[in-house]
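Note on naming: letters A, B, ... go to the chains in the order of the sequence lines (proteins, then strands), and numbering restarts at 1 for each one. The basis for the numbers below is simple: all heavy atoms, side chains too, and nothing from hydrogens, waters or symmetry mates.
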Amino acid sequence: MSSADGAGEQLAFIRETVRRARPRAARGLELAAELPVARVLVDKGVLSLDQYFDYAVPAAMAEEARPGVRVRVRFGARVGASGRREGGALHDGFLVERLAASDYPGPLAPLARVVSPEPVLTPALLRLCRAVADRYAGTLADVLQLAVPPRHARAEAVPSPAPLPSPPAPDPGGWSRYPQGPAFLASLASGHAPRAVWTALPGPGWPHEIARAVAAALAGGRGALVVLPDGRAVARVDAALTELLGPGRHAVLAAEAGPEDRYRSWLAVSRGSVRAVIGTRATVFAPVRDLGLLVVWSDGDGSHSDPNAPYPHVREVALLRAAEEGAGVLLGGLSTTVEAAQLLRTGWARPLAAERETVRALAPRVRTVTDLDQARDAAAQAARLPSVAWEAAREALTRGPVLIQVPRRGYLPRLSCGRCRTPARCRPCGGPLEAGAADTPPTCSWCGTAEPDWHCEECGSFRLRAQVVGARRTAEELGKAFPRVPVRTSGRDAVLADVPGTPALVIATPGAEPVADGGYAAALLLDGWALLTRPDLRAGEETLRRWLTAAALVRPASAGGAVVVVAEPTARPVQALVRWDPAGHAGIELDEREQLRFPPVSRMASVTGSPQAVTDLLNLVRLPEGADVLGPVPAPGGRGEELERALLRVAPGQGAALASALKAAQIARLALRTAEPVRIRIDPTDIG
DNA sequence: AGCACGCCGACT
DNA sequence: GTCGGCGTGCTC
């Protein structure tokens, strides 16, 4: 057996010492004269199969069966009742390596087919995927599925164009607004690997700054890669890059393009025809040659978390890749994550931030109001606008568009007391009440009990209010409040990229805010308290990120730009928004995590399953020294069958040991057929 | 995952 | 005596 993970060193040693002259293979098959053994990763996403298998290379495939190509192999063959070998089913795989001999004692099955001669799994990509699989206690096959797009024969048949020569180094442009900006570009252009956490200034500059950083890496004769959270951000950087460098210098890997276009772009990168690539999360794996720079924009955005096993996060993959390939890193955003703050604190990255004075000059004026300060105007009341917000919007609408950010519908359909805001709870079980369909009583989201005659335990009020009103209803109500002003909405299913600079109300859910030509005259950030009270470790950070994203689209204070945020003014994210200090906010959050020993100051994993299964796995796992086991406790959000969850916590340096211990325990349990499944998740997000 | 081998209870 | 239970191990 040739282990595909790091634990196979003894086997590697045996491989060195045992040298067979020729592999034994099926009789009568002529084998390749040179390196007749192919080590293959069989694409069968089963934990216990996370290892390589050796196959014989038929002479006819000697040329095409190069490392990195896709192959088909028979797998699972066995000796039948008649004593003859019966071929197993055909499986896809990647040829990882050609060898002179195999350490497998039995006869080798031949490769069934070389699917195409395109070497898609380069050694660097394989190393990265291996590292990601280990980091996340997943299988190599699962990670490869995320990293290598499905083959499209037509796209493969077309040759990619010859690469263009390196462009000249760009001038600093907007980077001159950051004291360390020009030096960062110069360092990239001269072939170094600077690592920075970039707190971007508000306004429309950041796509251009990203383009210049890419251009600097290209000027230094190296490649660059940019990962953005969504298609609109990709489009903005795409436009900025085309403007700076012209067409043909970069590839775009976004889901919007069909599979054929996507694979063609990916091939252009893989073949070295294009040296820069931008796109959404899978782009972090794009096989850019001689990588000089990795850019991750807005690493706090949830889209950077892959929803497929083993759930890698773009930022973490980028950090692994930077270490493997010696590339520079630009971790940028309007806001700062706790993870980024930690990279600064450990000295792994340097800050790339503007002076306070510059920030103040470019940020809008931010005011806070509590939503108890309701407007007297009836129309504003209907729209749930506090008077300050109402006045700000009315005044700003004479000068330009006004952005109104409302939480997504169904984001938090919880109910609270209409007078004192105490969350409404179910009397039998204490679970949160949710709004039912129209004209049906509220029901408990835990036990389903209907509460037709609820009253507040705190103040006795009988009025309930939905904590969140969706974008559509807000639009209707605001339309009435501001007659004759055009109302545009941008949300989940109809996202506007941009709006003109003329007066209009623009209602948007977080992440769907259109860019306004010339900037918004004002922005109202509603229902902040609903965002802030979510029981999530990242609630504060996430709320601030959403606010800053919207507020950054508003004109500077000097040009009359104003932001009104409806939230408790003493809350930490509110203060950070007023001072426009995301880095400071992240630093304080990091201090707190340090005290609580929460991630990223520690490394965590969760184990979820039936109480028995969780207990069994915990008994089986050989945790690294000093590991904490928290729980098990009933799993959050678990309904129906009872699920339990345990959290495991280790010091940051022991993350790899924790992942491999969990993987080993999972494999051991999988061998026991009776075992119920447990879900293992590294860096679980829904803690706290 | 499949799939076959192997060692202990109730049937012709 | 055997048919068959599913625990255990293997797949290049």
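Taking atom CD1 of residue A/Ile667 and atom P of nucleotide C/dT8, one finds them 17 Å apart after rounding to whole Å. To the nearest angstrom, P of C/dC12 lies 12 Å from CG of A/Leu90. One interatomic measurement links the two molecules: NE2 of A/His91 to P of B/dC3, which rounds to 10 Å at whole-angstrom precision. At whole-Å resolution of the value, OH in A/Tyr104 and P in C/dC12 are 6 Å apart. The distance from atom CZ of A/Arg669 to atom P of C/dG7 is 15 Å, rounded to the nearest whole Å. Distance, A/Arg74 CZ to B/dA1 P: 23 Å, rounded to whole Å. Between the CZ atom of A/Phe75 and the P atom of C/dC10 there is a distance of 13 Å, rounded to whole Å.
Listed by chain and number, the residues in a ring-ring contact (aromatic ring centres under 6.0 Å, His included) with A/Trp266 amount to none (sequence neighbours excluded). Residues passing the side-chain hydrogen bond (donor to acceptor under 3.5 Å, both in side chains) test with A/Tyr136: none are found, sequence neighbours excluded.
How far CZ of A/Arg222 is from CD of A/Glu325: 11.5 Å, rounded to the nearest 0.5 Å. Atom OG of residue A/Ser660 and atom CD of residue A/Gln666 lie 13.5 Å apart, to the nearest 0.5 angstrom.
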